[in-house]
Amino acid sequence: MHGRGMEAMSLFEEMIGTGVAPDDVAFIGLFSACSHSGLVEKGKSYFSSMVEKFHIVPKIEHYGCMVDMLCRAGLVKEALEFIQKMPIEPNPIVLRTLISACRAHGELKLGESITKQLITNEPMQESNYVLLSNIYAKMTHWEKKAKIREVMDKRGMKKIPGSTMIELDHEIYEFVAGDKSHKQYKQIYEMVDEMGREMKRAGYVPTTSEVLLDIDEEDKEDALNRHSEKLAIAFALLNTPPGTPIRIVKNLRVCNDCHSATKFISKIYNREIVVRDRNRFHHFKDGMCSCRDFW
């Protein structure tokens, strides 16, 4: 979860070397390590050894890890083939992993098809509608996106808003995108603007494809600058001594643009920034992140 995949595999090999037999849980950790370190061939080899050498019958969690690993490597078609060959039915989590990869890697028609099937099977699961809405936005099918949002409204479904929390002097501060509720919000937005200028000087290019709205590029950049992570980091830069680490917690998965921007911020301001999102920990330092890939 902290991006130390090579250490996880080294520890696994050490465990095998001492004669301790791995169980199914150990393999889940191992596959996850391979996934987040981009070690696809290693992951495939370990999957084979789990079945053939250690005689462990794969569960849906193991198949899910393998799908995640293939998807993170951009091998969307291979992930689909893997799912189709699974001896057990894929659960919605596995399918949503594939859909997210379809959106990230441009397989939008495939993602649309799978998501529609998920909605048929789970008509009251709001995350399926959000996925389809995001795919339509990526396809710039704004009318279809609006219709999905209308269906969600009629069924009383709401998209969970992204928020970021930070603890400072034994107090918890929470930010949402475009937040102006904090008493320091003017200084925070001034810091965000400064961060934006410094990042662009360093070569940062905003990932405007992350803004799923029918607005022009300049407004998209402005929307990205108001994401909750950036507000929380700006607040931390204003209120903590130079050089001290910054630790924030995001309730959803950090977006590609904030991930890229935080790399630049860590280097420009000489800060280690630890972001705990819904999936894992990201350790940003000197313009690098502990996760080797991101989609």
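All values derive from a computational prediction rather than experimental measurement.
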Minimum-distance pair of heavy atoms, taken over all atoms of P58 and V51: CG-CG2, 3.7 Å
Anything under 3.5 Å between a donor and an acceptor, one on a side chain of residues 112-124, the other on a protein residue two or more places apart or in another chain? List them.
from: E112; atom 1: OE2; to: K116; atom 2: NZ; distance (Å): 3.3
from: E112; atom 1: OE2; to: Y136; atom 2: OH; distance (Å): 2.9
from: T115; atom 1: OG1; to: G111; atom 2: O; distance (Å): 2.5
from: Q117; atom 1: NE2; to: N121; atom 2: OD1; distance (Å): 3.3
from: T120; atom 1: OG1; to: K116; atom 2: O; distance (Å): 3.1
from: N121; atom 1: ND2; to: Q117; atom 2: O; distance (Å): 3.4
from: E122; atom 1: OE1; to: R96; atom 2: NH1; distance (Å): 3.1
from: E122; atom 1: OE1; to: N128; atom 2: ND2; distance (Å): 3.0

Show me the donor-acceptor pairs within less than 3.5 Å that the side chains of residues 79-94 make with the rest of the protein, sequence neighbours left out.
from: N91; atom 1: OD1; to: I93; atom 2: N; distance (Å): 3.2
from: N91; atom 1: OD1; to: V94; atom 2: N; distance (Å): 2.9

Any side-chain heavy-atom pair of I166 and I172 under 4.5 Å: no
N270 side chain vs G243 backbone, donor-acceptor pair below 3.5 Å: no
Whether F31 and H62 hold their rings parallel, tilted or perpendicular, with breakpoints at 30° and 60°: perpendicular
Y173 vs E167 side-chain heavy atoms within contact, under 4.5 Å: no
Nearest-0.5 Å distance, NZ of residue K147 to OG of residue S133: 13.5 Å
Candidates E229, E174, K250 - the one meeting side chain to side chain donor-acceptor pair (under 3.5 Å) with S163: E174
Under the side-chain contact (heavy atoms from CB on, under 4.5 Å) test, residues paired with K263 that sit two or more places apart: H259, F284, C289
With H2 via side-chain hydrogen bond (donor to acceptor under 3.5 Å, both in side chains) - residues at least two apart: H283
Test item: R155 and E126 side chains (from C-beta on) under 4.5 Å apart, heavy atoms: no
Contact check, side chains of M195 and E198, non-hydrogen atoms, under 4.5 Å: no
Residues, nucleotides or ligands: over 12 heavy atoms within 6.0 Å of D153 CG: yes
Ion pair check, K44 and E41, cut-off under 4.0 Å: yes
Set of side-chain hydrogen bond (donor to acceptor under 3.5 Å, both in side chains) partners for N239, sequence neighbours left out: Q184
Partners passing side-chain contact (heavy atoms from CB on, under 4.5 Å) against S32 (at least two apart in sequence or in another chain): H36
F235 and F175 aromatic ring geometry - parallel, tilted or perpendicular at 30°/60° bounds: tilted
Closest non-hydrogen atom pair, P22 against F27: CG-CE1, 3.6 Å
Side-chain heavy-atom pair V274, P245 within 4.5 angstrom cut-off: no
Candidate pair Y63 and F47, rule side chain to side chain contact (heavy atoms under 4.5 Å, CB included), full reasoning: CA-CA 9 Å; Y63 288 115; F47 188 81; 3.7 Å; yes
I28 side chain near C65 side chain, heavy-atom distance below 4.5 Å: yes
Contact check, side chains of I246 and E272, non-hydrogen atoms, under 4.5 Å: no
S127 side, atom OG; N134 side, atom CG - distance, nearest 0.5 Å: 11.0 Å
Pairing of D286 and R271 as salt bridge, 4.0 angstrom limit: no
Chi angles and distances behind the side chain to side chain contact (heavy atoms under 4.5 Å, CB included) call for V40, C34: CA-CA 7 Å; V40 176; C34 291; over 6 Å; no
Test: R72 and D68 ion pair at under 4.0 Å: yes
Separation of K77 NZ from H105 NE2 (nearest 0.5 Å): 13.0 Å
Among K138, M139, E143, side-chain contact (heavy atoms from CB on, under 4.5 Å) partner for H141: M139
Any R149 side-chain heavy atom under 4.5 Å of Y129 side chain: no
Nearest non-hydrogen partners of M199 and I265, listed with the distance: SD-CG1, 3.7 Å
